[in-house]
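For reference, the structure discussed in these notes is given below.
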2 protein chains.
Amino acid sequence: MFNLENYHLKSSSFSDALSSKELSYFKEKAERIEFKKKHILFKEGSFSKGVYIVRKGKIKIYKSNPNGAESIVYIYKKGDYFGYRPLLAEDPNPVSAAAIDNTVVSYLPKEAFLSLFNRSDTLAKKIVITLSQEFSVWINKMTVFTQFSVKERIALSLLILSKVYQNNAEKKVIISINRDDFASFVGTAKESLVRNLRHFKDEKIISTQGTKIVVMKPDQLHAYLL
Amino acid sequence: MFNLENYHLKSSSFSDALSSKELSYFKEKAERIEFKKKHILFKEGSFSKGVYIVRKGKIKIYKSNPNGAESIVYIYKKGDYFGYRPLLAEDPNPVSAAAIDNTVVSYLPKEAFLSLFNRSDTLAKKIVITLSQEFSVWINKMTVFTQFSVKERIALSLLILSKVYQNNAEKKVIISINRDDFASFVGTAKESLVRNLRHFKDEKIISTQGTKIVVMKPDQLHAYLL
DNA sequence: ATCAAAAGTTGATAATTATCAACTTTTGAT
DNA sequence: ATCAAAAGTTGATAATTATCAACTTTTGAT
């Protein structure tokens, strides 16, 4: 049985893991930063100096290969936090991060994060559990690339991006992403992506508004995934 | 720069995370179990009842798709431990596990593992760090599937399997895996795998002994990965 | 040591996907 | 509102990979 939750992380708020005392420490130490569209937050191989919490806009996490092609590993939205894993592991960032839109983040410097991590046993345990859950999603995503065709991966990606771009207020989801980024997310060529989008348009499953994509019949996308 | 460590987990011993007191508790509660070749330890969707530590042989972790094809996500060897993630997350297993060889494992029941986890702060923190490191590996593996050709993935897999099948005593590595499993590990068809192995044989990079594969010039495999 | 079954291999071909080039539409600065 | 640049789209074709069928080698039980 196909279940979208197996392929996309549930958003879980960073501050939920904190006691009210810890939360006020967090608020004291965190800094608000704005990034313009296309701004690169950090690059693969660099060392994290803090944790980001998205307040507004979308941030893509990606890997570049030596030919210049990039593959997008995840897209974070409002409320999501990231950048803490390499910091805990004391490893360099395995990925780069860049703003898709104009974005606003809260930035918690490394020292403050580690101080919270070390003083709070509940945070460590909460993170273990979160990481364990995330693992399932990553394993599933990995098998998608080996077992699904491009058309299937695009159908799945439309559903995932519907979640990412969903605005609680609105029922209709408008996915605002350029074709290169979408193709990098699916792991295919831009032209192959466009051809498949055309197919879904002909089937009246999606429509476009300018370069934006409107998902009209998500149920019919499910049908492509068994 | 290509670095094999980005694509395969370092083995880390479970017992290293434990104090001597905890270790004796572990030894008291753990049970030795033997599995015959092809025995299925658990299936995707089931709930873990304990943690496995491999003592002898190899165990494959895989996902089956509805068409019956399977894709192998990881191969564990002597000293590796697995099965604790879904247990911590209280999620069903995202994958199945089966013995490739005749194997021997230590089995630590859920209650004993959770008791260790809850009493030991160092274990929780150690696991967070291990999980964080593992994440980098998974992200890298995922991008391999989107950016590497079948030939490149096979070259990489030969290097990874060299690590898995490496016997400390011997310099020469003999990979003893059947072609279906190898193909599932690479994410390709068995025939495509065989044709590429033939290519590497013609180049004198590998040789075969019966159905076993001998990696003779690992450096030349690196050359296929830039 | 024999031999049937299982596993591995090869060739021919089909299906999928990427690449290149030309063209159209959209965007955003003025 | 205009218009050049950027982004998106389409068609033709090439490259990669999967599938099917026939055949060969290896394995493991006797």
Side-chain angles (χ1 to χ4, degrees), chain A residues 36-38 60 65 67-72 100-102 144-158 161 174-203 206-214 224, chain B residues 36-38 60 65 67-72 100-102 144-158 161 174-203 206-214 224:
Chain A
K36 283 257 158 60
K37 186 175 176 170
K38 294 196 180 175
K60 65 177 174 183
N65 76 8
N67 312 331
E70 67 184 40
S71 88
I72 294 180
I100 291 184
D101 304 315
N102 293 332
V144 162
F145 285 107
T146 67
Q147 299 189 337
F148 286 27
S149 68
V150 167
K151 177 167 278 143
E152 289 168 328
R153 297 209 303 273
I154 291 173
L156 176 58
S157 299
L158 281 167
L161 292 175
I174 296 175
I175 298 171
S176 174
I177 190 171
N178 72 47
R179 298 299 177 268
D180 280 310
D181 278 352
F182 198 154
S184 301
F185 186 69
V186 172
T188 191
K190 181 171 58 172
E191 296 91 332
S192 299
L193 168 72
V194 168
R195 271 182 252 276
N196 280 285
L197 290 180
R198 151 78 33 222
H199 168 82
F200 291 134
K201 259 170 93 169
D202 291 345
E203 302 274 311
I206 62 171
S207 65
T208 51
Q209 289 180 358
T211 65
K212 296 184 173 67
I213 299 162
V214 186
Y224 280 87
Chain B
K36 283 257 158 61
K37 187 175 177 171
K38 293 194 179 176
K60 66 177 175 183
N65 76 7
N67 312 330
E70 66 183 40
S71 88
I72 294 181
I100 290 183
D101 305 314
N102 293 333
V144 162
F145 285 107
T146 66
Q147 298 188 338
F148 286 27
S149 68
V150 167
K151 176 166 279 143
E152 290 167 327
R153 297 209 304 271
I154 291 174
L156 176 58
S157 299
L158 281 167
L161 291 175
I174 296 175
I175 298 171
S176 173
I177 190 173
N178 73 47
R179 299 298 176 270
D180 280 310
D181 278 351
F182 199 155
S184 301
F185 186 68
V186 172
T188 190
K190 181 171 59 174
E191 295 91 335
S192 299
L193 169 72
V194 168
R195 271 183 251 276
N196 280 285
L197 290 180
R198 151 81 29 221
H199 168 82
F200 291 133
K201 259 170 93 168
D202 291 346
E203 303 273 311
I206 63 170
S207 65
T208 51
Q209 290 180 359
T211 64
K212 296 182 172 68
I213 298 163
V214 186
Y224 281 87

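Sequence lines set the chain letters: A, B, ... in the order given, protein chains first and strands last, and positions in each chain run from 1.
Between the NE2 atom of A/H199 and the P atom of D/dT10 there is a distance of 14 Å, given to the nearest Å. The distance between atom CG of B/L193 and atom C1' of D/dT19, rounded to the nearest whole Å, is 15 Å. Computed from coordinates, the A/D202 CG to D/dT9 C1' distance equals 13 Å when rounded to whole Å. The distance between atom CD1 of B/I177 and atom C1' of C/dG8, rounded to the nearest whole Å, is 14 Å. D/dG8 atom P lies 9 Å from atom CG of A/D181, rounded to whole Å. Following rounding to the nearest Å, A/D180 (CG) and C/dT19 (C1') show an atom-to-atom distance of 14 Å. Atom CG in B/L197 sits roughly 14 Å away from atom C1' in C/dA7 (whole-Å rounding). At whole-Å resolution of the value, CG in B/N178 and C1' in D/dG28 are 15 Å apart.
Residues satisfying the side-chain hydrogen bond (donor to acceptor under 3.5 Å, both in side chains) test with B/K37, not counting sequence neighbours, are none. Residues satisfying the ring-ring contact (aromatic ring centres under 6.0 Å, His included) test with A/F148, not counting sequence neighbours, are none. Residues passing the ring-ring contact (aromatic ring centres under 6.0 Å, His included) test with B/F182, sequence neighbours excluded: none. Listed by chain and number, the residues in a side-chain hydrogen bond (donor to acceptor under 3.5 Å, both in side chains) with B/S207 amount to none (sequence neighbours excluded).
The stretch residues 183-191 of chain B comes close to DNA chain C through B/K190, B/E191, each having a heavy atom under 4.0 Å from the strand. For DNA chain D, none of the residues of residues 144-158 of chain A falls under the heavy-atom distance limit of 4.0 Å.
For the atom pair CD1 of A/I175 and OG1 of A/T211, the computed distance is 12.0 Å after rounding to the nearest 0.5 Å. Once rounded to the nearest 0.5 Å, the distance linking CD1 of B/I174 with CG of B/L161 reads 14.0 Å. For the atom pair CZ (B/R198) and CD1 (B/I206), the distance works out to 9.0 Å, reported to the nearest 0.5 Å. Here the CD1-CD1 distance, from A/I177 to A/I213, works out to 7.5 Å after rounding to the nearest 0.5 Å.
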Query raised in the report: Dot-bracket for DNA chain D, 5' to 3', counting Watson-Crick or G-U wobble pairs under 3.5 Å, with [ ] for crossing pairs and | for inter-strand pairs?
Result: ||||||||||||||||||||||||||||||

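B/R198 has no side-chain polar atom (N or O) that falls below the 4.0 Å cut-off from OP1 or OP2 of C/dT9.
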Listing time: all N or O pairs from protein to nucleotides 2-5 of chain C that are below 3.5 Å?
none

Between the protein and nucleotides 23-27 of chain D, list every N/O to N/O distance that falls short of 3.5 Å.
none

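A side chain to side chain donor-acceptor pair (under 3.5 Å) check over residues 176-185 of chain B, counting only residues at least two apart or in different chains, returns the pairs B/K60-B/D181. Each salt bridge (Lys or Arg N to Asp or Glu O under 4.0 Å) pair with one or both residues in residues 145-158 of chain A, not counting sequence neighbours, would appear here, but there are none.
Using a 4.0 Å heavy-atom criterion, one finds that B/R195 contacts the bases of the nucleic acid, with or without backbone contacts as well.
Proximity of A/F200 to A/I154: side-chain heavy atoms (C-beta onward) are separated by under 4.5 Å at one or more points. Counting heavy atoms from C-beta outward, B/V214 and B/T208 have side chains that stay 4.5 Å or more apart.
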Review item, side-chain donor-acceptor pairs of residues 186-197 of chain A, under 3.5 Å, at least two apart:
| from | atom 1 | to | atom 2 | distance (Å) |
| --- | --- | --- | --- | --- |
| A/N196 | ND2 | A/S192 | O | 2.9 |

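Nearest approach of B/F185 to B/F145, heavy atoms of both residues: O-CZ, 4.2 Å.
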